[in-house]
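A note on names: the letters A, B, ... follow the listed sequences, proteins ahead of strands, and every chain is numbered from 1.
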Number of protein chains: 2
Amino acid sequence: MGTRGRVTKVSVADLAAELDVSTATVSRALNGSPAVRPELAQRIREHAEARGYVANRMARALSANVSRAFVGFVIPYVDTPAYSSVAAECARLLSADGTQLILTITENDPERELHQLKDLVASRVAGLIISPSTHILEASKQLLSNLPVVEFHRACGIAAPGVFSEDEQAMSEAVLHLAALGHTRIGYLGTPEALSNGAARLRGLHRGLELAGLDRGAVAMRLLEPTTDNGKRGVRDLLDGSRPPTALIVGGGALSIGAAQAVHESGRRLPDELSLVVYGHPSWFALSDPPLTRITVDYQDLALRAARLLNTVLDSGPARGGEPEPQFVTAQLHLAGSTGPPPKRAHASDRKSRR
Amino acid sequence: MGTRGRVTKVSVADLAAELDVSTATVSRALNGSPAVRPELAQRIREHAEARGYVANRMARALSANVSRAFVGFVIPYVDTPAYSSVAAECARLLSADGTQLILTITENDPERELHQLKDLVASRVAGLIISPSTHILEASKQLLSNLPVVEFHRACGIAAPGVFSEDEQAMSEAVLHLAALGHTRIGYLGTPEALSNGAARLRGLHRGLELAGLDRGAVAMRLLEPTTDNGKRGVRDLLDGSRPPTALIVGGGALSIGAAQAVHESGRRLPDELSLVVYGHPSWFALSDPPLTRITVDYQDLALRAARLLNTVLDSGPARGGEPEPQFVTAQLHLAGSTGPPPKRAHASDRKSRR
DNA sequence: TTGAAAGCGCTAACAT
DNA sequence: ATGTTAGCGCTTTCAA
């Protein structure tokens, strides 16, 4: 019993020969075609099982010349919940349909991205779930426009559906929250405007400022690539000025992690000396004391929608007809202990006014 | 110019026809065979380029009947750095060789795992990088023993090479560190002994106790599946007893995250009221105050070794000859502010002995 | 140096 | 209900 020796080597031809039927019958039986006598089908299946037969998906895909065997999953990073949790959930959902995920990490490098997209096309993936790199190449877009594609987190302007977090409102709420507390000098650390989600958050920021009656000039900004290091750097920059902001908003998950660390390292007490609003999965900030006011997104929901969207797109081919509808998962602002009224006095180095 | 219309559809046959040569010549030219006249080869390549030709990896793999097109990456979870960072690094390293990673998440479910392994075999993956589920099925082991496999983090007793973190020493050091500080009642929260790394950490614990001259009975233990929730639960259990430990060691990344949260929520001050040693990637604990004494592993190094090992295994076929050498990445104990002498007085409910 | 042809393992017309 | 056969796109003998 059991498969001894080397790797599986049984083919339909083998089974057919051994049972003295045709390969077509075997194939039909194995695929549950009703056109084969139940008893025979049963016998074939049992024999296949006994011989440890495992169908070759490549051959199958090649023959069918269209199959859902593989789907490409293209992301800039994977070591942050915004991506890893979506990857996990998509892999889970798609595997139920017998679709396998080919994982590809661009590190936000456009060249690498293009190369990987080509490889994915070469693998004849049925479709793609992608979070494009910041400065995606034209050639990459070309490739994408000829494939069933679902975007998430970031959009790159191709005619493909996508799932995104709707950050504008939460962002604007965050500004209003701080303004209501009395803050007038706010620092913003976010991702570049070239990133669709960076742009959305910026819109939210601006809208919040407008509603709060604050001038855009009231905000010191740093727009950086979303990495933990940039989070640290950005916060240090923002805090080091001669007239540092009394409140900080961070728009981006990886940035927030670094930002929270940098704030912590700066020794400023939250919220007495500084108010802080971070962005991202709660688990990253669970240990901080006080708990941080934060903007969160339900990544699982987002993943679910992405997987569903992909199925839709796979059923109807790439970018047919009109502009596809993007879907949105609403980000939520959660208040916690890291935001409060601004310090009573201006920063020491600012004015000489003692008490 | 550029690829218009539908998906890439150019085949070697097309190129051959267009250039009035045979498919064999095209294939040879494209694969850089020296057997083709350089000038012709050049012309073929240019034409292929111009026509936007992309070789079909499936067909290629099918024909070659052995290829490195795909490698399976099988892990129980992906939302923890212990896995996500290894995934990222492996994807990066393998993609350089033109190998794509098929990501598969078992959620530590043996049935699911078996099913996915079958699918991977069906996809004719060249090999597998796997972190087996806790209670892996015999059938799964069977499959694995007929494939080039590299294990990591966890070993399941098959004759395959692997990369693991060498936790024993760090674990034992942690115990000695606590013992030296004066702790005699230590709590241990770890993963089940059925997990190879759980067993290793336990050995380290025992060795530490022995060296410290402490009895094994001095340790209250909880061995749980590595999830954040279990981390919380375990800590609450350990701390709720009538004679709670004065120090806690956590052996496991996900467990540590939950554990740190639970400790935090319990309101105990570190290290005055409780000493705590956690395990895992520093980024998860960066925000905690005080910084936590921790055991860390260089996952990037681990990933690098895994990728290298895989290449070796792919070159020599599965489990040939003698037992393959496992590799180890040494875990490091970093001292920080969460460990200190035990509280002066025993727990109130413990003994009446004052001063 | 190049071409013709035989597969790789499977599915799907097209017979019977 | 079952068998025959022609591919899917590529590599690779075997001939020329």
Using side-chain heavy atoms (C-beta onward) and a distance below 4.5 Å, is B:Arg308 in contact with B:Val163? no
Counting only heavy atoms from other residues, nucleotides and ligands, does the tally under 6.0 Å from CD of B:Glu18 exceed 12? yes
Which whole-number value in Å describes the distance from A:Gln42 CD to D:dA1 P? 16 Å
Flag the pair B:Tyr53 / B:His47 as yes when at least one side-chain heavy-atom distance between them is below 4.5 Å, and no otherwise. no
Could I get a table of every N or O pair under 3.5 Å where one atom is in the protein and the other is in nucleotides 9-11 of chain C?
{"residue": "C:dG9", "atom": "N2", "partner": "A:Ala59", "partner atom": "O", "Å": "3.3"}
{"residue": "C:dC10", "atom": "OP1", "partner": "A:Tyr53", "partner atom": "OH", "Å": "2.4"}
{"residue": "C:dC10", "atom": "OP1", "partner": "A:Asn56", "partner atom": "N", "Å": "3.2"}
{"residue": "C:dC10", "atom": "OP2", "partner": "A:Val12", "partner atom": "N", "Å": "2.7"}
{"residue": "C:dC10", "atom": "O2", "partner": "A:Ser63", "partner atom": "OG", "Å": "3.3"}
{"residue": "C:dT11", "atom": "OP1", "partner": "A:Asn31", "partner atom": "ND2", "Å": "3.4"}
{"residue": "C:dT11", "atom": "OP1", "partner": "A:Arg60", "partner atom": "NE", "Å": "2.7"}
{"residue": "C:dT11", "atom": "OP1", "partner": "A:Arg60", "partner atom": "NH2", "Å": "3.2"}
{"residue": "C:dT11", "atom": "OP2", "partner": "A:Ser27", "partner atom": "OG", "Å": "2.8"}
{"residue": "C:dT11", "atom": "O4'", "partner": "A:Ser63", "partner atom": "OG", "Å": "2.8"}

With a 4.5 Å limit on heavy-atom distance, are the side chains of B:Leu117 and B:Val74 in contact? yes
Are any of the side-chain heavy atoms of A:Glu113 and A:Leu137 separated by less than 4.5 Å? no
Side-chain N or O of A:Thr25 less than 4.0 angstrom from OP1 or OP2 on D:dT2? no
Taking ring-ring contact (aromatic ring centres under 6.0 Å, His included) as the test, write out the residues that go with A:Tyr299, two or more places apart. A:His153
Is any side-chain heavy atom of B:Ile129 closer than 4.5 Å to one of B:Phe152? yes
Before accepting this row, confirm whether a basic side-chain N of the pair A:Arg43/A:Glu46 lies closer than 4.0 Å to the acidic partner's carboxylate O. no
Angle separating the five-pair end axes of the helix from C:dT1-D:dA16 to C:dT16-D:dA1, nearest 10°, is 40°
Just how far, in rounded Å, is P of D:dG3 from CG of A:Leu15? 14 Å
